[in-house]
Amino acid sequence: MDTLKGWVHEIRDMGGIKFIIIRNRDGLHQVTLPKKKVPPELFERVGSLNREDVVVVHGETKDSKARDFPTELIPDAITVVNAAETPLPLDPSGKVKAELDTRLDNRFVDMRRPEVQAVFSIRHTLLRHARAYLDAHGFWEVHTSRIISTASEGGTELFPITYFDKPAYLSQSPQLYKQMCMAGGFERIFEIATYFRAEEHNTTRHLNEATAIDIEMSFIEDEEDVMRVLESLIHHTVAGIVADCQDELATLGVALTVPPLPFKRLTYDEAVDLLRSKGSDIAWGDDLGTESERLLGEEMAAQGHEYYFIKRYPRNKVFYIQPDGKYCRGFDLDCKGVELTSGGQRCHEHATIVSRLEEFGLNPASFTDYLKIFRYGMPTHGGFGFGIERWLMEMLDQKNVRECILFPRDRHRTTP
RNA sequence: GCCCGGGUAGUGUAGUCCGGUCUAUCAUACAGGACUGUCACUCCUGUGACUCGGGUCCGAAUCCCGGCCCGGGCGCCA
């Protein structure tokens, strides 16, 4: 006797024989009820089942004549654990497509779809392999606080919250804490961090709550030490997904290949030259906008590079990145024209970081807590923040970053 | 923040430009019925919708104004 637990995916009533397709995380399974081989009461009761009822089926497994199933269950008992109401808010079988907004409004039903489960199975596998890689290379996993007291980090807008009677904000990056861990002698750390960004963007690749693999490492020579960790991390993680997720990739129709090492290095100067040769009027020192990133992505694809670094940015990129003449030691990692990672070698000397703040028109006096960590023995260090949702979106050719996070928070959505 | 686009049964759509049997299309869903090997089962019957408010007009799903909601692009984005 075997037991099958799951959701009623479909009922095909042929009159004298009935088929119930049961769906669970393992896939689809067939329950077959020939009129003369199952209890009459059970045969009749199948008519009262609804799609998406949760059932437990007891019966005998036999070889099946079905095209899609090697075996089938001939039941002697079917227990309805919980009936589903009708009509359903959307069709989990995918016969009738639903818009993303409808799907997200009813995410728990949407999550029953094999395509959605494939994305999140791969997401889990991605994190499993990334953790294993970082662990094998001496990185400790840490959890830093998401609640910060001041907006002194500059840059993006923060979400204000109330912390008892004090104002506070949701963290937009674990950057300060990662650097504090370097000052604290942890040498190599990573964090699977949540980022909150209060920007009113409205695109298919932005979230107001996103997740990233953040690492920081000490005693580096330059940013190349960090970049090597990043490219190896990607290489090994993708290899792990290819090895473990063939079913999921097939469900999504994605042909995933492991990107060869080392990744292409493009300097900012080369990127600007390339863009100008393609007709862009970008000036030296300008940020690479969406259009520029897209153009570079096309050009790199033409050269056979899916993933590529852009390094040696102008020194005005970010204040805490180590300057190097007119350049700095920051880098981005792009994939197919979309930025996935931002990182670099950080300033580690107190005098340098103070002069960098002044260079950026910021007041060192308002960075007292941050500056303190550079005063009592700070090693050279660097790291990166690597957006998980964006990576998955590019890897799995998803059209919208919201496909790669269970409960997206965007400009308008705070539920579910 | 700027600029486009959209809102029709539970779901996804046709119709809107050019107002008139639209008594609103089709699929799926749902309800009932037929069928002993389906596998998007098939077939028959039925149920179910024009985002809200105002305006123009003999007449508004369709045109105009406003609200609400949503999508997308750009900007922004340690």
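Numbered from 1 within each chain, the chains take letters A, B, ... in sequence-line order.
For A:N202, no side-chain nitrogen or oxygen approaches OP1 or OP2 of B:rG5 to under 4.0 Å. The phosphate of B:rG12 (OP1 or OP2) has a side-chain N or O of A:T102 nearer than 4.0 angstrom. Using a 4.0 Å cut-off, some side-chain N or O of A:N400 falls inside it from OP1 or OP2 of B:rG72. Between A:K95 and B:rA29, a side-chain N or O to OP1/OP2 separation shorter than 4.0 Å is present. Residue A:T32 places no side-chain N or O under 4.0 Å from the OP1 or OP2 atom of B:rG37. An OP1 or OP2 oxygen of B:rC77 is reached within less than 4.0 angstrom by no side-chain nitrogen or oxygen of A:R390. Listed pair A:R402 / B:rC70 fails the phosphate criterion, with no side-chain N or O lying under 4.0 Å from OP1 or OP2. Between A:R205 and B:rC74 there is a side-chain N or O to OP1 or OP2 distance below 4.0 Å.
Counting to the nearest Å, the C1' atom of B:rC30 and the CZ atom of A:R51 are 10 Å from each other. A straight line from CD1 of A:I11 to P of B:rA29 spans 11 Å, rounded to a whole angstrom. Spacing between atom CD of A:E403 and atom C1' of B:rG72 amounts to 15 Å, rounded to whole angstrom units. To the nearest angstrom, P of B:rG71 lies 20 Å from NZ of A:K97.
No option in A:V401, A:I388, A:N400 other than A:V401 meets the side chain to side chain contact (heavy atoms under 4.5 Å, CB included) test with A:M393.
Minimum interatomic distance between A:E403 and A:R107 (heavy atoms only, all atoms of both residues): O-NH2, 4.0 Å.
For A:Y308 and A:F263, the ring centers sit 6.0 Å or farther from each other.
Side-chain atoms of A:S121 and A:E248 include a donor-acceptor pair closer than 3.5 Å.
For the pair A:T290 and A:R413, both in contact range of RNA chain B, the more 5′-proximal nearest nucleotide belongs to A:R413. Mapping A:L288 and A:H412 onto RNA chain B by nearest heavy atom places A:H412 at the nucleotide closer to the 5' end.
For A:E291 and B:rG75, a side-chain-to-base donor-acceptor distance below 3.5 Å is absent, hydrogens and geometry of angles not being considered. The base of B:rU38 is paired with the side chain of A:Q30 by a donor and an acceptor separated by under 3.5 Å.
More than 12 non-hydrogen atoms from other residues, nucleotides or ligands lie less than 6.0 angstrom from CZ of A:F159.
Comparing the P positions of B:rG48 and B:rC69 gives a spacing of 31 Å, expressed to the nearest Å.
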